[in-house]
Amino acid sequence: MVPQNPPSDRPRRDVVSFVRRGTRLSRSRQEAWDRLAGDFVLDVPRGERDTVPDPDTSLDLREVFGRDRARTAPLVVEIGSGQGENIAAAAAVHPERDHLAFEVYLPGIAQSLDRIERAGSPRNVRLVPLDALHSLPTLLPAGSIGELWIFFPDPWHKSRHHKRRLVNPPLLDAVLPLMAEGGVLRLATDWAEYAVHMRTVLDADPRLDSLHPGGPRPAGEPSDPVPEETPDRGWAPRFEGRVRTSFERKALDAGRLVWDLAYGVRGSRPEPGYSDPEAPASGA
Ligand SMILES: C[S@@+](CC[C@H](N)C(=O)[O-])C[C@H]1O[C@@H](n2cnc3c(N)ncnc32)[C@H](O)[C@@H]1O
């Protein structure tokens, strides 16, 4: 007879923030992959799953980005870079920074490669096809990230799935020790309820300060319900370095608002914009 709960020596399954969708690439994406992956996708030795690195692997950022002088370039990390619109554009206009994008959806990475090429193949961007939450602490040294970007993360609407949301305390425990002094977290979502969830998680963390304590809610009436407990203040202005991706366009077409958030690791200075607590009320 088979026992109901057989003992297992298999590793406990981590809660992950994604569903591994198809990995098949269309012909054009496969061609982009074959042409460009060697230059821009980091081939990291894998650990117990193909979305996590071998625990003995770490990245030497100087080597990764081929900067020969003492490493001085600030590092931007994007989690869930999708089709690469933001990271490709940012790398092209900021040669003084390095950019590392984590994405588990391989067709998205192939499309990102194409965008990087169309942006002039900047040498300061690399793509990492791994689960950022369970990879970053292995791969990066403490104090190495200048900015962390998470734009339009999967909302996981059902309450029983909320633990799968990327923006939760385990993410902060994984990434905050890796942030440089004065480092900044930038986030955006088009779901009001997830925006409030993010605020609850980020406001509760004593290691973080809002960079826009006086910032009003985005103006307008959203098509999705806004929770009663939605704070009136503490929202960031639209991050000017954020490109309008297909996710954002779909959200705006559906009448949802876009909620931006910006937090600094303790000791950061408030940003210009809505940092004045007397900022005008929403829609004013
Ligand atoms: C809704 S899409 C948004 C893509 C992009 N940021 C944009 O604004 O267009 C969220 C992306 O996050 C990726 N993702 C989710 N969890 C992740 C994780 N732990 N590590 C890396 N990528 C992740 C998903 O594969 C998906 O492509």
Side-chain angles (χ1 to χ4, degrees), residues 13-25 29 41-42 44 46-47 49-53 59 76-91 99-116 125-140 145 147-157 161-175 178 185-191 193-195 197-198 201 224 238-254 256-261:
R13 281 172 69 94
D14 289 316
V15 175
V16 293
S17 56
F18 55 89
V19 175
R20 206 81 205 275
R21 291 172 284 158
T23 52
R24 269 184 66 121
L25 301 181
R29 286 182 190 164
V41 179
L42 294 187
V44 178
R46 300 302 205 272
R49 297 191 302 280
D50 74 341
T51 50
V52 295
L59 296 180
V76 174
V77 170
E78 182 175 14
I79 303 183
S81 47
Q83 301 174 5
E85 292 99 320
N86 279 299
I87 213 73
H99 301 78
L100 207 51
F102 286 75
E103 175 54 64
V104 286
Y105 184 51
L106 295 185
I109 296 192
Q111 223 163 336
S112 308
L113 287 169
D114 188 51
R115 276 179 209 278
I116 290 171
V125 57
R126 296 292 184 279
L127 307 171
V128 190
L130 297 178
D131 170 1
L133 172 61
H134 295 103
S135 303
L136 276 164
T138 306
L139 295 179
L140 292 186
I145 304 177
E147 291 209 7
L148 182 82
W149 297 351
I150 303 178
F151 301 142
F152 303 94
D154 299 308
W156 293 105
H157 291 295
H161 287 153
H162 284 182
K163 60 179 180 298
R164 301 189 67 156
R165 287 176 164 175
L166 187 58
V167 183
N168 261 324
L171 175 82
L172 299 184
D173 291 339
V175 299
L178 310 180
L185 270 60
R186 299 190 188 281
L187 307 97
T189 180
D190 53 315
W191 294 101
E193 194 270 326
Y194 195 9
H197 171 92
M198 289 181 182
V201 170
D224 60 332
R238 187 180 201 284
F239 170 43
E240 58 186 22
R242 187 156 60 70
V243 170
R244 186 156 289 170
T245 66
S246 54
F247 281 96
E248 180 168 5
R249 271 197 300 274
K250 261 186 241 158
L252 295 173
D253 288 350
R256 294 192 296 278
L257 299 179
V258 174
W259 306 75
D260 273 83
L261 296 87

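Just so it is clear, the structure is predicted and the values come from calculations on it, not from any experiment. Counting convention: from 1, in listed order, for ligands and their atoms alike.
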**Asked** What's the shortest heavy-atom distance between S112 and G82, and which atoms?
**Response**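 So the minimum-distance heavy-atom pair works out to OG-O, 3.4 Å.
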
Per-pair distances, ligand 1 N/O vs protein N/O, less than 3.5 Å:
from, atom 1, to, atom 2, distance (Å)
ligand 1, 6 (N), G80, O, 2.7
ligand 1, 6 (N), F151, O, 2.7
ligand 1, 8 (O), F151, O, 3.3
ligand 1, 8 (O), T245, OG1, 3.4
ligand 1, 9 (O), T245, OG1, 3.0
ligand 1, 16 (N), S17, OG, 2.7
ligand 1, 19 (N), S17, OG, 3.0
ligand 1, 19 (N), D131, OD1, 2.8
ligand 1, 20 (N), A132, N, 3.0
ligand 1, 25 (O), E103, OE2, 2.5
ligand 1, 27 (O), E103, OE1, 2.9
ligand 1, 27 (O), E103, OE2, 3.0

**Distance-only polar pair, side chains of H162 and N168, donor-acceptor under 3.5 Å** =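 Judged by distance alone, the side chains do not pair up.
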
**Message:** I need the S81 OG to R115 CZ distance, nearest 0.5 Å.
**Reply:**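 Atom-to-atom, S81:OG and R115:CZ are 11.0 Å apart.
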
**Message:** Let me confirm one number: the CG-NE2 distance from L171 to H134, rounded to the nearest 0.5 Å.
**Reply:**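 Those atoms lie 10.0 Å apart.
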
**Message:** Applying salt bridge (Lys or Arg N to Asp or Glu O under 4.0 Å), can you list everything that pairs with E248, at least two apart in sequence or on another chain?
**Reply:**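 Checked E248 against salt bridge (Lys or Arg N to Asp or Glu O under 4.0 Å); matches are R238, R242, R244.
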
**Request:** Please confirm whether R165 makes a cation-pi placement over Y194, using NZ or CZ under 6.0 Å from the six-membered ring centre and within 45° of the ring normal.
**Result:**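 Checked: cation-pi criterion met.
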
